[in-house]
Colleague: 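To start, I am sharing the structure in question, which I have written as structure tokens.
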Amino acid sequence: MADNQNPACPEPAADAVAALLARSNRLGSDPKNTNYAGGNASAKGAATDPVTGRPAELLWVKGSGGDLGTLKEAGLAVLRLDALRALVNVYPGVEREDEMVAAFDFCAFGKGGAAPSIDTAMHGLVEAAHVDHLHPDAGIAFATAADGEKLTAECFGGRVAWVPWRRPGFQLGLDIAAIKAANPGAIGVILGGHGITAWGDTSEECEARSLEIIAAAQRFIDERGTPDPFGAAVVEPLPQSARRARAAALAPVIRGLASTDKPQLGHFTDHPAVLEFAGSEKLAELAALGTSCPDHFLRTKVRPLVLDVAPDAPLDEAVARLKELHAAYRADYRAYYDRYATPDSPPMRGADPAIVLVPGVGMFSFGADKQTARVAGEFYLNAINVMRGAEAVSSYAPIPESEKFRIEYWELEEAKLRRRPRPKPLAGRIALVTGGGSGIGKATAARLAAEGACVVVADRDADSAAKAAAELGSADVAVAVRADVTSEDEIAAAFAAAALAFGGVDLLVNNAGLSISKPLTETTAADWDLLHDVMAKGSFLMSREAAKVMAAQAMGGDIVYIVSKNGVFAGPANIAYGAAKADQAHQVRLLAAELGAIGVRVNGINPDGVVRGSGIFAGGWGAQRAAVYGVKEDELGAYYAQRTLLKKEVLPEHIAAAVFAVCGGDLPLTTGLLIPVDAGVAAAFLR
């Protein structure tokens, strides 16, 4: 079959879909081929129409917002090919081409699958059984080179054609279809300012051609390119330990600035390519030009903020300069929006940077959730690779700023944003939970993650912390740190890890604790010191570090103490534990009074009798308390329940629910509160 003809016998649906998914997953899993959620792939084939009983030729194509590397059948849009191609007859022209996306719904086969993307026309109108559209760094380097058309001819001859920049849409699909028809020997095209498209009679041929274009473009750059496309290195990276320490110190400040319009989560990378670019002679020039591929600047904004002080400058100087640059960035972004916005443009989404480059240190990227923040950084790394390639063989010439605005504030992109699920109550917030490897801490970490928070699970037992974090999900959801709350160094390291992982901390849960049950005359000074070091002093040290981070972020925050009924109830053989818990209870009041000035709320939970899953009870406290009350240790939970007003056993999940209650958004004006979660112990009622 010739490239410009339909298959005489369309591929059966099951075979076409299986081949498409396998090809998509292979191509999408390699960042050299395309970026996360970027590009799309399609297949044409036949299925029986259940209404007529006759074969229907169909198009399966990756739906809007999907990711090739993880694509499954549910992520495919399914359209009748004859209906899709018939849209050519009603196409109203490029000025109204956005209307065609709504028309795709009338071409759906059955329920139609996923929402069709703007690139659907490209896949349907090109006369080939299989089509790939990808965003490889090497291909975009050609697409954004000042003389990209000439370079394409030199590299590929007539095997790959050039398509001048056009915003994705129906007209671009017509353009590519026409170029393919006019160039029967072509295996694909370079899309100016954008990416590549390839096609084939079979899935294997299409994939091979995509990879051929990418490899040939990269080989051309490697063989013909200048060795120093970014010019001389003018800022050397700090040593790794100093680099990470500086990044951890800057992260909460930068995150707070990037969250001026709405809370953002952060991601940090000191990838060698980032350090090379950020320390290069051409940094300011190239960064100002911005990214080019539509997928890039949708994630990264039109250009980054670049810190222009030495990496080892005094921290106060760097922070002051960041604030100046941030104010200028916001003013510039507002001017950019005002220059190009029309009465029909969506409202400005926010003027804060999504990418911040710090020469000698690395790159901070931001988004509404951790994955979005991480992916924004990955996209800017793609953009760096694109700029390197274009500068190596030519000069980097991205699409005009006006075109970037048309993409960034495209109503079709706005519609994609509206399809996102409603954020969870704690979305955009970062929690650090001490003693998070077991019992109340583990249950609290799980509840906060379930409500949308990113969680740092801190525990003196590194293995239990790691296991608990892994149960919550990927590193986009939770990370583990070893933290002995009696060590100032380990506490500082835990907050630094939180800053590097997510950008800072918004919610501290002081849960770490232990217990020793002895009569007064048997309680040693060592017993007293240990309990007060872990709970009274440990909570103080954790809260002090949290307050520093929260002040730097200027985003408010929450500190929650897991205290105890024993902080207000005088029980037998409990002097050291009860006194330490009373200290924690008063810290709640003292810190609520002090930290309200920076918008930080401090509250406490007073549990009692939380036996099940408790590391404290399992570590000997259960046996000690059972002996005090004259019951068997395995009956202690039931004993505690029977002495309560509600006759119910208190579980770790009940404490976690109370933590969420005070920080989940429904009690925004509550601070200094201690909440009993003890099933009702009258002697512990707060007065």
Colleague: Taking Ile196's backbone N and O only, do any of them form a donor-acceptor pair with His133's side chain (distance below 3.5 Å, no angle check)?
Modeller: yes
Colleague: Does Asn35 reach the main-chain N or O of Phe379 with its side chain, forming a donor-acceptor pair under 3.5 Å?
Modeller: no
Colleague: Walk me through whether Arg209 and Glu212 qualify under salt bridge (Lys or Arg N to Asp or Glu O under 4.0 Å).
Modeller: CA-CA 5 Å; Arg209 288 174 169 182; Glu212 176 186 339; over 6 Å; no
Colleague: Please name the pair of heavy atoms, one in Ala278 and one in Leu283, separated by the smallest distance, quoted to 0.1 Å.
Modeller: O-CD2, 3.1 Å
Colleague: Tell me whether Ser394 contacts the main-chain N or O of Glu391 through its side chain, where contact means a donor paired with an acceptor under 3.5 Å.
Modeller: no
Colleague: State yes or no: are the ring centers of Tyr409 and Tyr340 separated by less than 6.0 Å?
Modeller: no
Colleague: Using side-chain heavy atoms (C-beta onward) and a distance below 4.5 Å, is Asp270 in contact with Pro237?
Modeller: no
Colleague: I'd like to know whether Gln171 forms a side-chain hydrogen bond (donor to acceptor under 3.5 Å, both in side chains) with Asp175, so could you lay out the CA-CA distance, the side-chain angles of the two residues, the decisive distance to 0.1 Å, and finally the verdict.
Modeller: CA-CA 6 Å; Gln171 187 60 54; Asp175 292 350; 3.0 Å; yes
Colleague: Decide yes or no for Glu204 and Glu207: does some side-chain heavy atom of the first lie under 4.5 Å from some side-chain heavy atom of the second?
Modeller: no
Colleague: Of the non-hydrogen atoms in Phe156 and Ala216, which two are nearest, and what is the gap between them?
Modeller: CE2-CB, 3.5 Å
Colleague: Identify whether the distance between the nearest side-chain nitrogen and carboxylate oxygen of Arg334 and Asp338 falls below 4.0 Å.
Modeller: yes
Colleague: Determine whether the side chains of His123 and Asn40 contain a donor N or O and an acceptor N or O closer than 3.5 Å.
Modeller: yes
Colleague: I would like to know whether Ile187 and Arg159 meet side chain to side chain contact (heavy atoms under 4.5 Å, CB included); could you show each step before the answer?
Modeller: CA-CA 6 Å; Ile187 64 169; Arg159 194 160 172 79; 3.6 Å; yes
Colleague: Are Asp352 and Arg330 close enough, and set up right, to give a salt bridge (Lys or Arg N to Asp or Glu O under 4.0 Å), and what steps lead you there?
Modeller: CA-CA 6 Å; Asp352 297 316; Arg330 286 178 60 84; 2.8 Å; yes
Colleague: Please examine the side chains of Pro398 and Lys404, heavy atoms only from C-beta on, and report whether any two atoms are closer than 4.5 Å.
Modeller: yes
Colleague: Would you mind telling me which of Asp98, Ile399, Ile118 makes a side chain to side chain contact (heavy atoms under 4.5 Å, CB included) with Arg167?
Modeller: Asp98
Colleague: Quick one: are His194 and His135 in side-chain contact, heavy atoms under 4.5 Å?
Modeller: yes
Colleague: Looking only at non-hydrogen atoms, find the nearest pair between Leu174 and Leu125 and report the distance.
Modeller: CD2-CD1, 3.7 Å
Colleague: Looking only at atom types and distance, does a side-chain atom of Glu97 sit under 3.5 Å from a main-chain N or O of Phe170, one as donor and one as acceptor?
Modeller: yes
Colleague: Give a yes or no answer on whether the side chain of Lys262 reaches the backbone of Ala368 with a donor-acceptor pair at less than 3.5 Å.
Modeller: no
Colleague: Measuring from atom OG of Ser365 to atom NZ of Lys301, what distance do you get when rounded to the nearest 0.5 angstrom?
Modeller: 13.0 Å
Colleague: Is it true that a side-chain atom of Arg255 and a backbone atom of Gln264 form a donor plus acceptor pair closer than 3.5 Å?
Modeller: yes
Colleague: Any chance you could measure Leu289, atom CG, to Tyr396, atom OH, to the nearest 0.5 Å?
Modeller: 7.0 Å
Colleague: Determine, stepwise, if the pair Tyr36 / Gln371 fulfils side chain to side chain contact (heavy atoms under 4.5 Å, CB included).
Modeller: CA-CA 10 Å; Tyr36 175 81; Gln371 183 192 58; 3.4 Å; yes
Colleague: Just say parallel, tilted or perpendicular for the rings of Tyr336 and Phe405, cut-offs at 30° and 60°.
Modeller: perpendicular
Colleague: Do you know the tightest heavy-atom contact between Gly193 and Ser292?
Modeller: O-OG, 3.2 Å
Colleague: Determine yes or no for a side-chain-to-main-chain donor-acceptor pair under 3.5 angstrom, with Arg23 supplying the side chain and Ser42 the backbone.
Modeller: yes
Colleague: Does the Lys62 side chain pair with the main chain of Gly66, one donor and one acceptor, at a distance under 3.5 Å?
Modeller: yes
Colleague: Kindly give the heavy-atom pair with the smallest separation between Gly266 and Ala373, and that separation in Å.
Modeller: C-CB, 4.0 Å
Colleague: Using 0.5 Å steps for rounding, measure from the CG atom of Leu500 to the CZ atom of Phe268.
Modeller: 6.5 Å
Colleague: Give me the atom names and distance for the closest heavy-atom approach of Ile190 to Gly139.
Modeller: CG2-O, 4.2 Å
Colleague: Return the OG to CD1 distance between Ser259 and Ile254, rounded to the nearest 0.5 Å.
Modeller: 11.5 Å
Colleague: Indicate yes or no: at least one non-hydrogen side-chain atom of Val386 is less than 4.5 angstrom from one of Cys293.
Modeller: no
Colleague: Kindly compute the distance separating NZ (Lys44) from CG (Leu20), expressed to the nearest 0.5 Å.
Modeller: 11.0 Å
Colleague: Hey, mind stepping through Tyr380 and Thr291 against side chain to side chain contact (heavy atoms under 4.5 Å, CB included) and telling me if it holds?
Modeller: CA-CA 8 Å; Tyr380 201 80; Thr291 52; 3.8 Å; yes
Colleague: Can we say Arg388 and Asp137 salt-bridge, meaning some charged N sits less than 4.0 Å from an Asp/Glu carboxylate O?
Modeller: no
Colleague: Does the side chain of Arg166 come within less than 4.5 Å of Ile176's, by heavy atoms?
Modeller: no
Colleague: Out of curiosity, Arg303 CZ to Leu357 CG, how far, rounded to the nearest 0.5 Å?
Modeller: 13.0 Å
Colleague: Looking at Arg339, I want to see if its CZ is surrounded by more than 12 non-hydrogen atoms of other residues, nucleotides or ligands under 6.0 Å.
Modeller: yes
Colleague: Quick check: are there more than 12 heavy atoms from other residues, nucleotides or ligands sitting under 6.0 Å from CD of Glu73?
Modeller: no
Colleague: Hey, are Glu403 and Arg406 close enough for a salt bridge, meaning a charged N less than 4.0 Å from a carboxylate O?
Modeller: yes
Colleague: Any donor-acceptor pair under 3.5 Å linking the side chain of Asp369 with the backbone of Thr372?
Modeller: yes
Colleague: Check step by step if side chain to side chain contact (heavy atoms under 4.5 Å, CB included) holds for Trp162 and Ile179.
Modeller: CA-CA 9 Å; Trp162 173 265; Ile179 287 173; over 6 Å; no
Colleague: Please check: side-chain N/O of Asn25 versus main-chain N/O of Leu68, any donor-acceptor pairing under 3.5 Å?
Modeller: yes
Colleague: Would you say that more than 12 heavy atoms from the other residues, nucleotides or ligands in this model lie under 6.0 Å from the NZ of Lys32, or not?
Modeller: no
Colleague: May I ask you to test the Asp82-Glu57 pair for a side-chain heavy-atom distance under 4.5 Å?
Modeller: no
Colleague: A side-chain contact here means heavy atoms from C-beta on lying under 4.5 Å apart; do Arg80 and Leu58 qualify?
Modeller: yes
